[in-house]
Amino acid sequence: MGGKTGTADKPKPQGGYYDEKVIATFASVFPANDPKYVLVVTLDEPEETSGPKPRRTAGWTAVPVAAEIIRRVAPLMGLKPEIAPLSPTGVTLTSN
């Protein structure tokens, strides 16, 4: 999949913006090598709380939601993940 994040300060009805409220968006296409589908996830006032401080950006909030939706929906559409082969690391495995 490929996509673009966007995090915008949330406007106040009386003007200005909230200090700690955002609207997070992730627009994605999949499969990335031959796009056939578009998914847009928009979250109003998201908050990811696994760290010491809340995270509100789209990369922390909307992207994981989109990834999970695509992970569940893509197989239903006949799409399988393409896993790139690992490049050699210079380590040789041997057995005794």
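In this text the structure is predicted, and so the values were computed from the model without any measurement.
- Under a cut-off of 6.0 angstrom, the local environment of CG in N33 is crowded, with over 12 non-hydrogen atoms contributed by other residues, nucleotides or ligands.
- Shown here for G6 and A58, the closest heavy-atom pair between the two residues is O-CB, 3.5 Å.
- A continuous path of ILVMFWY side-chain contacts below 4.5 Å connects I69 to F26, so both sit in one hydrophobic cluster.
- In plain terms, the two heavy atoms of P11 and Y18 that are nearest each other are O-CE1, 3.5 Å.
- E47 approaches P54 most closely through the heavy-atom pair CG-CB, 3.5 Å.
- Annotation for Y17: atom OH does not count as buried by contact number, only 12 or fewer foreign heavy atoms lying within 6.0 Å.
- At least one donor-acceptor pair closer than 3.5 Å links the side chain of E48 to the backbone N or O of S50.
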Handout entry: Criterion side chain to side chain contact (heavy atoms under 4.5 Å, CB included) on Y37 and V73, from CA distance to verdict
Key = CA-CA 11 Å; Y37 304 100; V73 171; over 6 Å; no
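- Follow the hydrophobic side-chain contacts under 4.5 Å out from V63 and you reach F30 in the same cluster.
- T42 places a side-chain heavy atom less than 4.5 Å from the side chain of I23.
- When all heavy atoms of G2 and A32 are compared, the closest pair comes out as N-CB, 4.0 Å.
- With hydrophobic clusters built from ILVMFWY side chains whose heavy atoms lie under 4.5 angstrom apart, M1 shares a cluster with M77.
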Practice task
Mind running side chain to side chain contact (heavy atoms under 4.5 Å, CB included) on T25 and V40 for me, showing each step along the way?
Solution key: CA-CA 7 Å; T25 301; V40 177; 4.0 Å; yes
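- Hydrophobic clustering places I70 together with V65 (ILVMFWY residues linked when any side-chain heavy atoms are closer than 4.5 Å, directly or through intermediates).
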